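Single-structure report; data block below.
Since the structure is predicted, the reported quantities are computational estimates derived from the model, not experimental observations. When a ligand or atom number is given, it counts from 1 through the structure's own listing order.
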Amino acid sequence: MFDTTHAHITTWVVAIILFFVAVGLHNAGKNKGMKIVHMILRLFYLLIILTGALLFWKHQGINPALYGIKGLVGIWVIGMFEMVLVRTKKGKSTNMFWILLVVSLLLVLYLGLRLPLGWRPFA
Ligand code: HEM
């Protein structure tokens, strides 16, 4: 949990899947199902932040600025998941937030993969 990124990766992969399941359920008109999946997704936000914070506390000394930015962009992604889902539920337009979600997700993946632990395709 402190030295490998496996737990952290598991939490955000599950979150991404739950996010798309929630959107799919909404599109299928299954609002009750969407509500339940959305609640489980919110639990996974906490697990993403917890596993990310554990890695952060132990390793940020390597490159505090980049680790800090990585954490903030991670929180930004979670914010965009919420904006898309809440606005979808309310029937408001979501185009802008989908774009920001894609941008923040690409950025956090790039930063995570650039940092020293785990996979390092850009190192
Ligand atoms: C949906 C949100 C997030 C995504 C998609 C994400 C993605 C990633 C990825 C791809 C890695 C690299 C894994 C590897 O190389 O094995 C990583 C590592 C990491 N993440 Fe996240 N993350 C998210 C949220 C967060 C948050 C909120 C924090 C801080 C509280 C955080 C802190 C970290 C830290 C400290 C690492 C280790 C960096 C290193 O490789 O040295 N992440 N994350």
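Atoms of ligand 1 found under 4.0 Å from any heavy atom of G52 (numbered from 1 in listed order, with element): 28 (C), 29 (C), 30 (C), 31 (C), 32 (C), 35 (C). Set against the non-hydrogen atoms of G118, the atoms of ligand 1 under 4.0 Å away are 14 (C), 15 (O), 16 (O). Less than 4.0 angstrom separates some heavy atom of F56 from each of these atoms of ligand 1: 35 (C). Listed by atom number, the atoms of ligand 1 under 4.0 Å from T5 heavy atoms are 13 (C), 14 (C), 16 (O). Counting the atoms of ligand 1 from 1 in the order shown, those under 4.0 Å from a heavy atom of G71 are 27 (C), 28 (C), 29 (C). In summary, the atoms of ligand 1 found under 4.0 Å from a heavy atom of W119, numbered by their order in the structure, are 14 (C), 15 (O), 16 (O). Taking a cut-off of under 4.0 Å to the non-hydrogen atoms of L115, the atoms of ligand 1 that pass are 38 (C), 39 (C), 40 (O), 41 (O). Short contacts between ligand 1 and I9, defined as distances under 4.0 Å to a heavy atom of the residue, involve ligand atoms 13 (C), 16 (O).
Partner of H38 under the side-chain contact (heavy atoms from CB on, under 4.5 Å) criterion, chosen from L18, V86, V23: V86. Here the options are L106, L72, V73, the test is side-chain contact (heavy atoms from CB on, under 4.5 Å), and the partner is L111; only V73 passes. Of the residues I99, L101, V102, the one that meets the side-chain contact (heavy atoms from CB on, under 4.5 Å) test with M80 is L101.
Under 4.0 Å from ligand 1, the heavy atoms of K70 that appear belong solely to its side chain. Using a 4.0 Å cut-off between heavy atoms, H8 contacts ligand 1 through its side chain alone, with no backbone atom that close.
Comparing heavy-atom distances from atom 12 (C) of ligand 1 across S104, G79, A53, G112 singles out G112 as nearest.
Relative ring orientation between F122 and Y110 is described as tilted, the plane-to-plane angle lying within the 30° to 60° band.
Less than 6.0 angstrom separates the ring centroid of W98 from the ring centroid of F19.
Among the backbone and side-chain atoms of L55, no N/O/S atom is found under 2.8 Å from atom 21 (Fe) of ligand 1.
Without hydrogens or angle criteria, R87 side chain to K92 main chain gives no donor-acceptor distance under 3.5 Å.
L85 is listed as a side-chain neighbour of M34, based on a closest heavy-atom distance under 4.5 Å.
To the nearest 0.5 Å, the span separating CG on L113 from CZ on R120 amounts to 10.5 Å. For the atom pair OG1 of T94 and NZ of K90, the computed distance is 13.5 Å after rounding to the nearest 0.5 Å. Residue K30 holds its NZ atom at 7.0 Å from CG of L25, rounded to the nearest 0.5 Å.
With respect to atom 41 (O) of ligand 1, the closest heavy atom belonging to the protein is Y67 OH, 2.3 Å. For atom 1 (C) of ligand 1, the nearest protein heavy atom (residue, atom name, distance) is V77 CG1, 3.6 Å. Here the protein heavy atom with the shortest distance to atom 2 (C) of ligand 1 is G74 O, 3.8 Å. Scanning all protein heavy atoms for the shortest distance to atom 8 (C) of ligand 1 gives W12 NE1, 3.3 Å. Atom 5 (C) of ligand 1 has its closest protein heavy atom at V108 CG1, 3.4 Å.
Ligand 1 has an N or O atom lying under 3.5 Å from an N or O atom of L117, backbone or side chain.
Residue K89 qualifies as enclosed at atom NZ: its count of foreign heavy atoms under 6.0 Å is above 12.
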